[in-house]
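Reviewing the structure listed below.
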Amino acid sequence: METNNKRLRVAIDGPAGAGKSTVAREISKRLGLKYLDTGAMYRAITLKIFRENLDLADLESLSEMLDSTAVQIGTDDKVFLDGEDVTEEIRMSHVNELVSPVSCISLVRKRLVTMQQKIADETDRIIMEGRDIGSRVMPDARYKFYLDASLEERAKRRNREQLKKNMTLSLNGVAAEIKRRDEIDSNRSDSPLTRVADAVMIDTTGMSFEEVVDQIIKRIDN
Ligand code: DC
């Protein structure tokens with residue numbers, strides 16, 4: 001349980017395409033909370049591994065890379081890898097394909113969880129979203145939500161986002177990629193995607209963005 005009453009920590013977990021980022025960003029604005037997209041951090045590390053062509057089984061090289069790599073989330077949710085703005089590149093298909101296998105590596109998770117917990121400790125009011133926020137990163141969060149939606153709906157949402165960025169994957173291609181990531185993210189041994197018992201489950205299939213935001217806001221006493 002959170003002991004400090006001033007603290008307002010909100011955890012949002014769920015699979016890819018469930019709408020966590022857009023919803024969490026809106027809630028952060030409305031309630032004046034810091035927002036942290038932890039998936040962006042896994043994506044930035046994945047991009048570095050891709051660029052350096054590192055072997056995922058070579059833990060020594062991965063450890064050295066982690067020691068010498070800076071991942072920062074700036075204002076407007078811009079993501080910096082060793083000072084370079086990689087906000088757009090981390091959403092591209094070469095990162096989508098590799099990010100779930102990278103997220104299975106305990107060494108990577110340990111470093112990122114430590115960074116995320118440090119960021120949470122530095123502020124009293126935060127909303128963080130990912131896969132293991134309620135279970136591992138902020139198990140003491142006052143509010144926990146688990147957002148889900150049907151695979152078809154999640155694929156449609158992702159497809160719409162990608163079309164806006166001129167990415168050309170078909171709807172079937174997006175669905176297959178999301179399904180593959182769900183399977184890896186839910187079955188890995190280290191902090192898999194799970195709905196913790198104290199999280200409020202919201203199935204967003206067929207709900208508008210505003211409805212999802214309202215469902216969450218009405219439960220938060222801030
Ligand atoms: O939320 P996203 O789709 O940007 O996340 C990308 C990947 O990062 C996701 O497939 C699994 C991993 N991830 C994780 O393992 N733990 C988190 N807290 C956030 C993301």
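Numbering of ligands and ligand atoms starts at 1, following listing order. Heavy atoms only: backbone and side chains are in, while hydrogens, waters and symmetry mates are out.
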Between Asp37 and Gly39 (side chain of the first, backbone of the second, donor and acceptor by atom type, cut-off under 3.5 Å), is there such a pair?
yes
Note: ligand 1 atoms sitting under 4.0 Å from heavy atoms of Ser100 are 10 (O)
Could you measure the distance from the CG atom of Asn159 to the CD atom of Glu152? Nearest 0.5 Å is fine.
11.5 Å
Thr38 N/O under 3.5 Å from ligand 1 N/O
yes
Among Asp185, Asp37, Asp190, which one puts a heavy atom closest to atom 9 (C) of ligand 1?
Asp185
Which is it for Glu129 and Ser21 under the side-chain hydrogen bond (donor to acceptor under 3.5 Å, both in side chains) test, yes or no, and what are the steps along the way?
CA-CA 7 Å; Glu129 55 106 344; Ser21 300; 2.6 Å; yes
So which protein heavy atom does atom 2 (P) of ligand 1 come closest to, and at what separation?
Arg131 NH2, 3.6 Å
For a quick check under 3.5 Å, do Thr205 and Asp203 share a side-chain donor-acceptor pair by atom type?
yes
Report yes if the side chains of Leu193 and Pro15 come closer than 4.5 Å at any heavy-atom pair, otherwise no.
yes
N/O donor-acceptor pair under 3.5 Å between Ser63 side chain and Leu59 backbone
no
Between Asp77 and Arg25, is there a side-chain N and carboxylate O pair less than 4.0 Å apart?
yes
Atom indices of ligand 1 within 4.0 angstrom of Ser103 heavy atoms, with elements
8 (O), 11 (C), 12 (C), 15 (O)
If we number the atoms of ligand 1 from 1 as shown, the ones under 4.0 Å from a heavy atom of Asp132 are 16 (N), 17 (C), 18 (N)
Using heavy-atom distances, let me know which of Gly39, Ser191, Ala16, Pro192 sits nearest atom 20 (C) of ligand 1.
Gly39
Mark the output for Gln116 as yes if a heavy-atom distance to ligand 1 is under 4.0 Å, and as no if none is.
no
Side chain, backbone, both or neither: the part of Arg188 lying under 4.0 Å from ligand 1 by heavy atom
side chain
Arg158 and Glu161 ion-paired at < 4.0 Å
yes
For atom 16 (N) of ligand 1, state which one of Arg91, Arg109, Arg181, Arg43 supplies the nearest heavy atom.
Arg109
Test of proximity, Tyr42 against ligand 1: N or O pairs below 3.5 Å:
no
